[in-house]
Every structure is written in C-alpha cells, then in structure tokens.
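Note sheet for the following structure.
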Amino acid sequence: MGFLAFNMERIARYGGLKNRSREMAAYIKDMRSPQRPDINKLHTNVTTCADYLVFHDYYTVDQLRLVKAFTCKKHLLCPFCAARRAAKAVEKNIERVTTVLESDKNLKPVMLTLTVKNGDDLQERFLHLKSSFQRLQQ
C-alpha cells in the first residue's frame, strides 16, 4: 500500500470514529437534564472530541504523524478515544508480543475477557473466575 493510500485510509478511519463519537454524543444528549450538570459536561466533551487534529507530514521519510489532538479522554464512551488508547497499548506492547511469538511459532495471540455476575463475596467471585479459567485451559 502506498504512502498516500495508507494515510487516506487512516484519515478515513479517524473520520468514521468521529462519526461514531457524534452518535454517542447524541445518545448522551437524550440523558441531559438541569439536575445533572455532569451529564451536560460529558455531552459537550464527547461532542467536541476529535474536532481538532494536527498532523505533521514528514515527507522525506514518507510518514504522517498525529501530533496534536483535542480529545475527551472518555475511552469507555467515546469510540475515537477508545481507538487512540488501544493504538497506544499496541505500540507499548508490540515488541514484547513479537518476541514471545517468535520464540514459539505454535503460539496464537488471543484476547480474552472474563466476566461474572456481581456478588457480595469478592473472594468467592475471584475463585469462581480462577477455577473457570483453569477449566478452560484444560
């Protein structure tokens, strides 16, 4: 994939994430009320998330980098912030994952999220998760 095509794809991906953030802001807008100023502020933050992005084009090395961005930092609600957070996590851990995968070619990277119903006894919930994971590994 060429430099221009890659960057156009990246900008289109950011545009799609921005649209999804607007959809989330519209959902939050329905929950606003005068009694909840925190929801009003959240709506404003998610609405304006990613309105301002600055890219530097390092044309001598064919690299386009996002150097400044105004974000809401609500990664649990905002698709744009969630994607940026995930990208940073990948960047942080890719070297370690690559090293482990190269050491054993039979390994397959997977992501697993374990959830349980809420309960009064945290120790019991933890033991349940632990035993379930052990059963899964067998």
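One is the number of the first residue; the rest follow in order along the sequence.
Within 6.0 Å of atom CZ in Phe70, more than 12 heavy atoms from other residues, nucleotides or ligands are found, so the atom counts as buried in its surroundings. In the displayed structure, Lys74 atom NZ is contacted under 6.0 Å by at most 12 heavy atoms of other residues, nucleotides or ligands. Taking a 6.0 Å sphere around CZ of Arg32, one finds it holds more than 12 heavy atoms contributed by other residues, nucleotides or ligands.
Between the CE atom in Met31 and the CG atom in Leu42 there is a gap of 7.0 Å [rounded to 0.5 Å]. Atom NE2 of His43 and atom CG of Leu77 lie 12.5 Å apart (nearest 0.5 Å). A distance of 9.0 Å separates CD1 in Ile11 from CG in Leu53, rounded to the nearest 0.5 Å. Note: Ile39 CD1 to Lys41 NZ = 12.5 Å, rounded to the nearest 0.5 Å. Rounded to the nearest 0.5 angstrom, Asp38 CG and Ser33 OG are separated by 8.5 Å. To the nearest 0.5 Å, the span separating CG on Asp51 from OG1 on Thr71 amounts to 11.0 Å.
Across all their heavy atoms, Cys72 and Cys49 have their closest contact at N-SG, 3.3 Å. Minimum interatomic distance between Ala25 and Thr47 (heavy atoms only, all atoms of both residues): CB-OG1, 3.3 Å.
Sorted by first and then second residue, the ring pair (Phe, Tyr, Trp, His ring centres under 6.0 Å) pairs with a member in residues 73-108 read Tyr14-Phe80; sequence neighbours excluded.
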Which donor-acceptor pairs under 3.5 Å do side chains of residues 96-106 form with protein atoms, sequence neighbours excluded?
| unit_1 | atom_1 | unit_2 | atom_2 | d |
| --- | --- | --- | --- | --- |
| Arg96 | NH2 | Asn93 | OD1 | 2.7 |
| Thr98 | OG1 | Ile94 | O | 2.7 |
| Thr99 | OG1 | Glu95 | O | 2.8 |
| Ser103 | OG | Val100 | O | 2.6 |
| Asp104 | OD1 | Asn106 | N | 3.1 |

Run the side-chain donor-acceptor check on residues 108-130: report pairs under 3.5 Å with partners two or more places apart or on a different chain.
| unit_1 | atom_1 | unit_2 | atom_2 | d |
| --- | --- | --- | --- | --- |
| Asp121 | OD1 | Gln123 | N | 3.3 |
| Arg125 | NH1 | Lys117 | O | 3.2 |

Does the pair Arg22 and Lys18 meet the rule for a side chain to side chain contact (heavy atoms under 4.5 Å, CB included), with working shown? CA-CA 6 Å; Arg22 285 185 184 139; Lys18 173 61 180 171; 3.7 Å; yes
Determine whether Arg10 and Leu66 satisfy the following criterion, side chain to side chain contact (heavy atoms under 4.5 Å, CB included), listing intermediate values before the conclusion. CA-CA 10 Å; Arg10 184 175 176 200; Leu66 178 63; 3.9 Å; yes
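Annotation: side chain of Arg84 is in contact with side chain of Lys88 (closest heavy-atom distance under 4.5 Å).
In terms of hydrophobic clustering, with Ile, Leu, Val, Met, Phe, Trp and Tyr side chains grouped at heavy-atom distances under 4.5 Å, Leu76 and Met24 are assigned to different clusters.
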